Each structure stands twice: as C-alpha cells, then as structure tokens.
Amino acid sequence: MITVQNAVRIYKRGKTEVRALSLESLVVPKGQFLSVMGASGSGKSTLLNLLGALDVPTSGTITIEGREISRLPDDELSAFRRDRLGFIFQFFNLLPTLTAVENVILPALLSGKARAEMEPKAHALLEQVGLKGRDTHRPDELSGGEMQRVAVARALLTEPALLLADEPTGNLDSRTGAEVLKLIREATRARNLTVVMVTHDSKAAEVGDRIVRLADGKIIGDELTRSAAA
C-alpha cells in the first residue's frame, strides 16, 4: 500500500538547512493501522504531510497504491488527495455555520459530487459513528467527541484507501478519546482501510497494529502491538 524509499525532506531557514526527515525504508501493507510516535521535531508531521501529498520529498520516493505520488503533476495530485485520502485532524476543522451533515458532504461537493448522491451516504455514516438524530446540529451544539465523530464520517465519505489522522484525540479527554479511537479502529477494519496516525499518546498508539517511533527524522523503533493479533 505504502512504500517509502530513501525519503529525505530538507527545509531551508535562511542559510541553514534543516533535515526534518530521513527515512531509508518504510513499508505499510494494505489494511494496517500504523501509529507514528515521537517527540516534537521528530519528523512525525513531516511524514504525514508527505503521505498526504501536501508536501514533496527533497529526494527519494513515496509510492501509494503503486503510484509515486511525489512525482505526480499537480492536477493528478489534487485528484489523488480528493479521491484516495481521508484526513482527521486534532481540531476537527468543521465549519461553524454548517450542520453535521453539511460538514460531512462539503469536501465531496467542492470536488463536484452531486448533493443528492452524497447526502444519503452522509446520513448513513453519521448514524454509523453514533450520531443518529444529530445530523442537523451545528458544531456549537455538539461536544468535542461528537465533533470528532463528524470528522471521522467526513473522512470516510469518499471511501478513501488511506486514512491519515493527526493527533485525533489530542483535543479530547481520555474517555472520549478512547471512544473515538475505537470508532476509527472499527470503521477502518470494516472497510480494510490503511491508517497512519500521528500521536504522542502511547495508549492511543496501542490501538494500532504497529508503532513506528521517530527521532531526528529517522526510525528508531518499529514494533507490532497487541492489537495486531486481536
């Protein structure tokens, strides 16, 4: 599903070069839930940005579903992000003036999908994530956990192949965070989705099948979790 080979990302700050990431090899098979851990500045966000086609490596290759995304032209890259990727963020990124169902379908509408096609799917997803009857509520009428459930439904709407989660429990209390992680785990297993989740929380990381630990842009640990055998 994902193959990273000799991927280096260097940023320039004035005359200084900062090597944010330097991965010799990382392979993530289809259907695996990968947790990425590391201290601030370890390269977690850089890796997620590269996998999400929001940035390109300075050198090396990133291949997803057989396509080297780091070399795709802009129009194909935009289509790849739109059609094959789902994103879940720490701060939900919901529009406050839109209802739950409108927030779920908005990215699909912006990409040209028909509302009549997307809305029934959005209602079904909101029910699946435990928000039946909350479809018409706006974000200020929802709890933090409910808002993140809306974000999960939004990420799943286009049936992506890869789900990228950036600290999805970072803005939630421990109980609500555990519920959201369980939801992501169940939803992705049901769809055989590949997941890459960045987190600083070791308990959250254990929900995944595998934990990769980064430091100074390099992999310093790679282990399977108890969840992998569950």
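Quantities reported herein were computed from a predicted structural model and do not represent experimental measurements. Residue indices begin at 1 and follow the sequence shown.
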List the atom pairs, donor and acceptor, that lie under 3.5 Å between side-chain atoms in residues 123-131 and the rest of the protein, sequence neighbours left out.
from	atom 1	to	atom 2	distance (Å)
His123	ND1	Asp135	OD2	2.5
Gln128	OE1	Arg191	NH2	2.9

Please list every donor-acceptor pair under 3.5 Å in which a side-chain atom of residues 65-73 meets a protein atom from a residue at least two apart or in another chain.
from	atom 1	to	atom 2	distance (Å)
Glu65	OE1	Arg84	NE	2.9
Glu65	OE2	Arg84	NH2	2.7
Arg71	NH2	Gly60	O	3.2

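Atom CG of Asn6 sits in a crowded spot, with more than 12 heavy atoms from other residues, nucleotides or ligands closer than 6.0 Å. Counting heavy atoms of neighbouring residues, nucleotides and ligands inside a 6.0 Å radius, atom CG of Asp74 does not exceed 12 of them. No more than 12 heavy atoms of other residues, nucleotides or ligands sit less than 6.0 Å from atom NZ of Lys218. Within 6.0 Å of NZ on Lys132 lie no more than 12 heavy atoms contributed by other residues, nucleotides or ligands. Residue Glu206 places its CD atom among more than 12 non-hydrogen atoms of other residues, nucleotides or ligands, all under 6.0 Å distant.
In this structure, the side chain of Gln148 does not engage the main chain of Gly145 through any donor-acceptor pair within 3.5 Å. Arg138 contributes no side-chain N or O that, together with a main-chain N or O of Pro96, makes up a donor-acceptor pair within less than 3.5 Å. In this structure, the side chain of Thr199 does not engage the main chain of Glu167 through any donor-acceptor pair within 3.5 Å. Between the side chain of Thr99 and the backbone N or O of Glu102, at least one donor-acceptor pair lies under 3.5 Å. In this structure a side-chain-to-backbone donor-acceptor pair under 3.5 Å is present from Arg185 to Val207. No donor-acceptor distance shorter than 3.5 angstrom exists from the side chain of Arg210 to the backbone of Thr225, with no hydrogens or angles considered.
Using a 4.5 Å cut-off on side-chain heavy atoms (C-beta onward), Glu223 and Arg213 make contact. In this structure, Ile64 and Phe80 have side chains that are in contact, with non-hydrogen atoms separated by less than 4.5 Å. Between Thr169 and Met197, the closest side-chain pair of non-hydrogen atoms is not below 4.5 Å. Between Val195 and Leu34, every side-chain heavy-atom pair lies at or beyond the 4.5 Å cut-off. No side-chain heavy atom of Leu26 sits under 4.5 Å from any side-chain heavy atom of Ile2. Side chains of Phe92 and Leu172 form a contact here, defined as non-hydrogen atoms less than 4.5 Å apart. For the pair Glu146 and Val150, the minimum side-chain heavy-atom distance is 4.5 Å or more. Side-chain contact between Leu47 and Val198: absent, with no pair of heavy atoms (C-beta onward) separated by less than 4.5 Å.
Linking Ile, Leu, Val, Met, Phe, Trp and Tyr whenever their side-chain heavy atoms come within less than 4.5 Å puts Val196 and Phe87 in one cluster. Follow the hydrophobic side-chain contacts under 4.5 Å out from Ile62 and you reach Leu85 in the same cluster. In the hydrophobic cluster analysis, where Ile, Leu, Val, Met, Phe, Trp and Tyr join through side-chain heavy atoms closer than 4.5 angstrom, Ile184 is grouped apart from Met37. Taking hydrophobic clusters as Ile, Leu, Val, Met, Phe, Trp and Tyr residues chained together by side-chain heavy-atom distances below 4.5 Å, Leu77 shares a cluster with Val4. A continuous path of Ile, Leu, Val, Met, Phe, Trp and Tyr side chains, each step under 4.5 Å between heavy atoms, connects Leu163 with Leu181, placing both in one hydrophobic cluster.
Among all heavy-atom pairs drawn from Pro168 and Ile88, the shortest one is CB-CG2, 4.0 Å. For the residue pair Ala108 and Ser111, the shortest heavy atom distance occurs at O-OG, 2.8 Å. Here the closest heavy-atom approach between residue Leu94 and residue Pro139 is recorded as CB-CG, 3.9 Å. Across every non-hydrogen atom of Ala205 and Ser35, the tightest pair is O-OG, 2.9 Å. Taking all atoms of both residues into account, the shortest heavy-atom contact from Pro107 to Asn103 is CD-O, 3.6 Å. Closest non-hydrogen pair, Lys30 versus Met1, comes out as N-CB, 3.5 Å.
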Kindly indicate, with the supporting measurements, whether the criterion side chain to side chain contact (heavy atoms under 4.5 Å, CB included) is fulfilled by Asp209 and Arg189. CA-CA 11 Å; Asp209 301 310; Arg189 276 186 173 169; 4.0 Å; yes
Is there a side chain to side chain contact (heavy atoms under 4.5 Å, CB included) between Ile219 and Leu214 once you walk through the steps? CA-CA 5 Å; Ile219 295 176; Leu214 299 181; 3.7 Å; yes
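Separating the OG atom in Ser22 from the CZ atom in Arg9 is a distance of 13.0 Å, to the nearest 0.5 Å. Between the NZ atom of Lys44 and the NE2 atom of His200 there is a distance of 9.0 Å, given to the nearest 0.5 Å. Atom OG1 of Thr188 and atom CG of Leu162 lie 11.0 Å apart (nearest 0.5 Å). Remark: Asp173 CG to Ser143 OG distance equals 9.0 Å, nearest 0.5 Å. Expressed to the nearest 0.5 Å, how far CD1 of Ile211 lies from OG of Ser202 amounts to 8.0 Å. Distance check, rounded to the nearest 0.5 Å: NZ of Lys113 to CD1 of Ile105 gives 12.0 Å.
Tyr11 pairs in a side chain to side chain donor-acceptor pair (under 3.5 Å) with only one of the listed residues (Asp55, Thr58, Thr16), which is Asp55. With Val104 as the partner, the side chain to side chain contact (heavy atoms under 4.5 Å, CB included) test is satisfied by one option alone out of Leu157, Val152, Leu156: Leu157.
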